[in-house]
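Remarks on the structure that follows.
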Amino acid sequence: MNSIRWIFVVLLLFSTLLSACSPQAPTSETPRLKQAVTEFFEELDVENMFTSIEELTKEPRLTGTKSEKQAASFLTEQLEGYGYTVDVQSFEFEKYRAPTSLRLTIEGFNETLSPAAFQFSVSGHVTGEIVEAGLGLESDYDDIDADGKIAIVAAERTSFHELVRNAGHAGAAAILIYFPQGYPINRWSLGKHDDAFIPALALSYEEGKALLDHMKTDGPVNGVVTIEGSHIDKAESQNLIALKQPDFKTNNSKEIITIGAHYDSVKQAPGANDNASGTAVVLELARALRDVPTHKEIRFLFFGAEEVGLLGSEYYVSTLSKKDRKRSVAMFNLDMVGSADAGKLAIQTVDGTANAVTKAASKAYEELHGHSVSIGSGGRSDHTPFQKAGIDAALFIYYPPEEWYHSPDDTVDKISKEKLLNVAKIVGKSALELTLPHNTDD
Ligand code: BES
Ligand code: ZN
C-alpha cells in the first residue's frame, strides 16, 4: 500500500516538473499586442457611442446642408477634445433637384403615358418628330437623322448615361428610353450631370412598344416632352480627418490603417443606424485608441456626401498622393452597425474576396466569439472607392438590415448598445493586430 502511494507521488512530481519545463504553447498575440487590446477594451465606453448617436440624430444630416455641417462641427469638437487636430477637407458637388412636373404627349396617340424622370434628367420643353434609334448606341445613329428630334431607344445594352449622351451627340433634342419587360421605371439615375444631356424620360416596355407600333402604322409622328423644375445647385460637403501618429518606429511604421464612417443622412431620416451608428463607433475608437501605443499611423475618417453617391470617400481617395495610396494598407468602413432589428455582423468586400481587413477581422471575431463571421460581397458604401484604388477595404454591417432604413423610423430607440460595442471591439482589435508587430520578442 505504502509503495503504491510512493509511486503515485513520484509520478505526480515528475509530471508537474515535465509540464513546467515544456515550452509554452505559442500564442498569436505578442505581450505588447495583448496589453494594447486589454487597455483598449478597458477604455471603450458604449455610453459615449450612444450619447453621440442621440446628439447626431436631433435632426436629419442631409448632404450638403447646414445640418450636415452642424454634425461635422460636433464631431470636430469631440475629436479636438480628445486631443486630435482635425483636418476639415471641403469639396463641392452638384446637387440635383428632381423635376416638379413631367409630360409626354404624342400626336394621334390616345392612351395615357406615365413616364418617369431619371435622377439628373435635365429640364426642357421639346416638340419634334419621334425617331427610333434601336439600342441607342453611337452606331445606331449612323443612318438616321436625329437632329432636333425625339429619339426613342430600348434600354438593353449600355448605361442610361451613355444612352442620353449618345442621343445628345447625335443632335437629338430629347430621348425616350423604354425598359425591358417587368422593370420598374421610376428609380434610376444617370449617375452624374453631363453637359451633353438632353431631356430624358423612362417608359415601360409596354408603353414603348405601343408607341413604336403607333409610329409604324401612322407614319412619322410628332411628340412633346416637357420636364420642369429640375436643376443642379452647387453644394458643399466635407470630410473630417484625424490622425494618430505611430508611437514606435518599425520597418512598417509608414503604413496607414484607416477607419471611417459616413455621417450624412437622407431626407427626413434621422439616420440613427444609417449612419450615426458607424460615426459614433469611429468617434469612440478614436478616443479609446488615443493613448494605446501603436506602430503605424491610424487615420480616423468621417465622410460627407455618401448618400448622394459615395462622394466624400471618392474625393478623399482622389486627393491621396501615389505614395499615400501605397501606404494605405487597410480600410475599415462602418455603416449601419447598431440596429437592434438587423441581422448578424457581416463583412463585405466589393467582390466578396478576402483581404487584409477581412483576415484581421475574422481572426478577432473568432477569438472573441469562438466561431467565424460571414464574409460577403457588396459595394454600397465608402469602402468601394478605396478598394477601387487598390487599398484593402471592407464594410462592417449588421446584415440583413432593418427594413426602415432611409426612413423617418431610423431612430435612436432602435439602437442596440450590445451591437455597437461588439463591432467596436472587433474593429479596434483588428486595427491593433495590424498596427502592432507579430513574432517579436517584446
Ligand atoms: N448604408 C447604406 C448602404 C447599405 C444599405 C448597404 C443597406 C447594405 C444594405 C448607404 O448609406 C446607402 O444608402 N448607399 C446607397 C448607394 C450609394 C452609392 C448612394 C444605396 O445603397 O442605395
Ligand atoms: Zn449609409
Side-chain angles (χ1 to χ4, degrees), residues 53 56-57 60-64 67-68 71 75 91 93-96 98 118-120 159-161 184 186-193 235 237 239 259-283 301-317 331-352 374-388 393-412 414-415 419-420 423:
I53 298 175
L56 286 163
T57 50
R61 306 169 298 283
L62 188 60
T63 316
S67 62
E68 192 198 41
L75 296 168
F91 56 93
F93 69 99
E94 287 167 338
K95 192 174 168 139
Y96 178 72
F118 296 88
Q119 167 110 331
F120 293 107
S159 68
F160 302 130
H161 189 274
N186 54 4
R187 53 166 137 112
W188 304 100
S189 173
L190 303 178
K192 61 178 180 190
H193 176 71
S237 178
N239 298 325
I259 307 178
H262 79 85
Y263 65 92
D264 62 321
S265 72
V266 299
K267 212 174 180 175
Q268 289 168 355
N273 194 40
D274 187 7
N275 184 31
S277 65
T279 306
V281 173
V282 177
L283 191 61
L301 294 187
F302 299 86
F303 303 110
E306 187 266 359
E307 296 288 6
V308 292
L310 317 181
L311 300 186
S313 48
E314 255 172 25
Y315 183 72
Y316 170 80
V317 170
M331 191 278 173
F332 296 79
N333 175 31
L334 287 81
D335 194 355
M336 305 177 77
V337 291
S339 172
D341 305 287
K344 288 207 179 95
L345 186 64
I347 308 178
Q348 295 183 352
T349 60
V350 175
D351 56 5
S374 104
I375 312 282
S377 67
R380 296 168 61 182
S381 188
D382 291 313
H383 54 299
T384 299
F386 286 82
Q387 188 70 67
K388 283 189 177 156
L395 166 67
F396 291 74
I397 182 169
Y398 287 97
Y399 201 85
E402 67 290 356
E403 63 199 49
W404 50 84
Y405 88 96
H406 283 188
S407 88
D409 295 330
D410 181 7
T411 48
V412 68
K414 304 188 192 74
I415 293 292
K419 279 184 165 149
L420 293 172
V423 74

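Order of listing sets the numbers, starting from 1, for every ligand and every atom in it.
- Just one residue in the list Asp335, Asp382, Thr279 forms a side chain to side chain donor-acceptor pair (under 3.5 Å) with His262, and that residue is Asp335.
- Under the 6.0 Å cut-off for aromatic ring centres, Phe91 and Tyr316 do not qualify, their centroids lying 6.0 Å or more apart.
- Interface atoms of ligand 1 facing Gly309, defined by a heavy-atom separation under 4.0 Å, are 19 (C).
- Nearest approach of Ala394 to Ile347, heavy atoms of both residues: CB-CG2, 3.6 Å.
- Of all protein heavy atoms, the one closest to atom 11 (O) of ligand 1 is Glu306 OE1, 2.8 Å.
- With hydrogens and angles ignored, the 3.5 Å screen pairs a side-chain donor or acceptor of Lys419 with a backbone N or O of Ser339.
- Here Glu307 fails the criterion, with no N, O or S atom under 2.8 Å of the Zn ion (ligand 2).
- Seen from the Zn ion (ligand 2), atom NE2 on His262 and atom OD1 on Asp274 lie at an angle near 100° (rounded to 10 degrees).
- Not close to ligand 1: Gly378, with no non-hydrogen atom less than 4.0 angstrom away.
- Within the 4.0 Å heavy-atom criterion, both parts of Glu307, backbone and side chain, lie near ligand 1.
- Residue Asn275 places every heavy atom at 4.0 Å or more from ligand 1.
- Contacts with ligand 1 closer than 4.0 Å are made by side-chain heavy atoms of Met336 only, the backbone lying farther away.
- Put simply, part of Pro401 is less than 4.0 Å from ligand 1, judged by heavy atoms.
- In terms of polar-atom proximity, defined here as any N/O pair under 3.5 Å, Tyr405 makes no such contact with ligand 1.
- For the side chain to side chain donor-acceptor pair (under 3.5 Å) criterion with Asn333, the lone passing option out of His383, Gln348, Gln387 is His383.
- Remark: the Glu402 side chain and the Asn273 side chain contain an N/O donor-acceptor pair separated by less than 3.5 Å.
- Counting all heavy atoms, side chain and backbone alike, Pro408 lies closest to Pro270 at O-CD, 3.6 Å.
- Only the side chain of Ile397 comes within 4.0 Å of ligand 1, counting heavy atoms alone; its backbone N, CA, C and O stay farther away.
- Within the 4.0 Å heavy-atom criterion, the part of His406 lying near ligand 1 is the side chain and not the backbone.
- No donor-acceptor pair closer than 3.5 Å links the side chain of Ser237 to the backbone N or O of Gly64.
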